[in-house]
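What follows is a set of notes on a single structure, which appears directly below.
Throughout, protein chains are lettered first and strands after them, A, B, ... in sequence-line order, and every chain is numbered starting at 1. This is a predicted model, so every value here is computed, not measured.
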Number of protein chains: 2
Amino acid sequence: MHSKTHRTFAIKNMKRSLGHIVYGKDTEALAKFAKALGHPTRIAILKHLENQSCCFTGDLVDVFPLAQSTISQHLKELKNAGLIQGELKPPKIKYCINHENWTMAKTLFQEFFD
Amino acid sequence: MHSKTHRTFAIKNMKRSLGHIVYGKDTEALAKFAKALGHPTRIAILKHLENQSCCFTGDLVDVFPLAQSTISQHLKELKNAGLIQGELKPPKIKYCINHENWTMAKTLFQEFFD
DNA sequence: TTTGTTTATCGCCAATAGACGATTGGTTTA
DNA sequence: TAAACCAATCGTCTATTGGCGATAAACAAA
């Protein structure tokens with residue numbers, strides 16, 4: 001019944017995390033965005049995208065002293081968080097800010113900081 | 001000379017990360033704040049602090065279904081990021097938002113999102 | 001001084017993250 | 001078809017994170 005990845009616990013120790021805690025939707029969403037922003041390379045990539053409006057993976061490989069696979073990995077995480085989107089522009093892939101989610105993130109941070 | 005925690009590399013493979021990349025101050029700062037916000041429990045703790053204005057570790061242990069040591073760890077990370085500060089109020093410790101850095105973070109996110 | 005209360009730290013473990021090189025897959029162009 | 005190009009994915013490695021219980025440290029009160 002329990003997920004194999006989590007320990008069981010004695011009843012008298014209840015209150016301990018059973019798997020994981022569920023937070024409000026906004027809390028989860030904000031944490032997800034923040035996590036994606038929690039690496040300087042990804043911040044830098046996004047700043048670059050804001051200037052260029054769009055760009056290709058190859059451009060970034062030239063800009064940052066990182067392996068192509070590493071850049072690709074960061075782009076994947078930004079995409080998973082919904083902050084960017086990739087458009088097939090053969091033979092390249094054009095990455096742009098996802099403005100809808102960008103606005104959502106902006107609003108969430110705004111509200112959070114009052 | 002190199003930190004032991006980083007590989008060396010062949011000269012012909014230059015362009016690879018020598019230890020780590022140095023980004024602009026704002027980029028680093030923003031990533032650091034974002035990283036601290038990158039866990040829903042820490043978001044929830046901060047929201048709680050915003051409401052309460054201040055609180056003790058013990059209060060949080062009652063609010064969240066997490067071990068005292070886990071809460072303490074999250075508080076430590078928030079403190080390291082500068083988002084909160086602890087005031088000795090024996091025998092307890094009162095945690096509050098660090099308003100100076102809070103404002104700095106707010107501004108950085110604001111600027112980042114345009 | 002001893003006891004109780006509160007919080008931080010330690011040690012451990014599983015899971016995740018971040019970096020790399022190498023390989024694969026898809027699309028053009030020769 | 002073959003060759004070239006670009007980006008994603010795979011496999012591996014190390015470091016970090018997040019959780020826990022147990023222990024230590026700090027201080028108040030008895």
Nucleotide N/O to protein N/O under 3.5 Å, stretch nucleotides 2-8 of chain D:
unit_1: D:dA7; atom_1: OP1; unit_2: A:Thr57; atom_2: N; d: 3.4
unit_1: D:dA7; atom_1: OP1; unit_2: A:Gly58; atom_2: N; d: 3.4
unit_1: D:dA7; atom_1: OP2; unit_2: A:Gly58; atom_2: N; d: 2.9
unit_1: D:dA8; atom_1: OP1; unit_2: A:Tyr95; atom_2: OH; d: 2.2
unit_1: D:dA8; atom_1: OP2; unit_2: A:Ser72; atom_2: OG; d: 3.0
unit_1: D:dA8; atom_1: N7; unit_2: A:Gln68; atom_2: NE2; d: 2.8
unit_1: D:dA8; atom_1: N6; unit_2: A:Gln68; atom_2: OE1; d: 2.9

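OP1 or OP2 of D:dT17 lies within a sub-4.0 Å distance of a side-chain N or O belonging to B:Lys35. Note on A:His39: every side-chain N or O is 4.0 Å or more away from OP1 and OP2 of C:dT16. The side chain of B:His74 contributes no N or O atom lying less than 4.0 Å from OP1 or OP2 of D:dT17. Proximity of B:Thr70 to the phosphate of D:dC20: a side-chain N or O atom is located under 4.0 Å from OP1 or OP2.
Within 4.0 Å of A:Glu77, counting heavy atoms only, lie sugar-phosphate atoms of the nucleic acid but no base atom.
Whole-Å rounding puts the B:Asp62 CG to C:dT7 C1' distance at 14 Å. When rounded to the nearest whole Å, the span between CG of A:Leu78 and C1' of C:dG18 equals 14 Å. One interatomic measurement links the two molecules: NZ of B:Lys32 to P of D:dT16, which rounds to 15 Å at whole-angstrom precision. As a whole-Å value, the separation of B:Glu87 CD from C:dA8 P is 14 Å. The distance from atom CG of B:Asn80 to atom C1' of C:dT9 is 13 Å, rounded to the nearest whole Å. Whole-Å rounding puts the B:Lys76 NZ to D:dA25 P distance at 15 Å. Regarding A:Gln73, its CD atom lies at a distance of 19 Å from the P atom of D:dA15, rounded to whole Å. Computed from coordinates, the A:Ile71 CD1 to C:dA19 P distance equals 9 Å when rounded to whole Å.
With a 4.5 Å cut-off on side-chain heavy atoms, B:Leu78 and B:Tyr95 do not count as touching. For the pair A:Leu66/A:Val61, no side-chain contact is recorded, criterion being any heavy-atom separation below 4.5 Å from C-beta on. Looking at A:Cys96 and A:Ile84, their side chains never come closer than 4.5 Å, going by heavy atoms from C-beta outward. Side-chain atoms of B:Leu37 and A:Leu37, non-hydrogen and from C-beta on, never get closer than 4.5 Å to each other.
The only member of A:Phe113, A:Phe109, A:Phe33 that meets ring pair (Phe, Tyr, Trp, His ring centres under 6.0 Å) when paired with B:Phe113 is A:Phe109.
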Evaluate the side chain to side chain donor-acceptor pair (under 3.5 Å) criterion for residues B:Thr27 and A:Lys47: first the C-alpha distance (whole Å), next the side-chain angles of each, then the deciding distance (0.1 Å), finally the verdict.
CA-CA 9 Å; B:Thr27 296; A:Lys47 283 189 175 179; 3.2 Å; yes

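In this structure, A:Phe64 and A:His48 have perpendicular ring planes: the angle between them is above 60°, well past the 30° mark.
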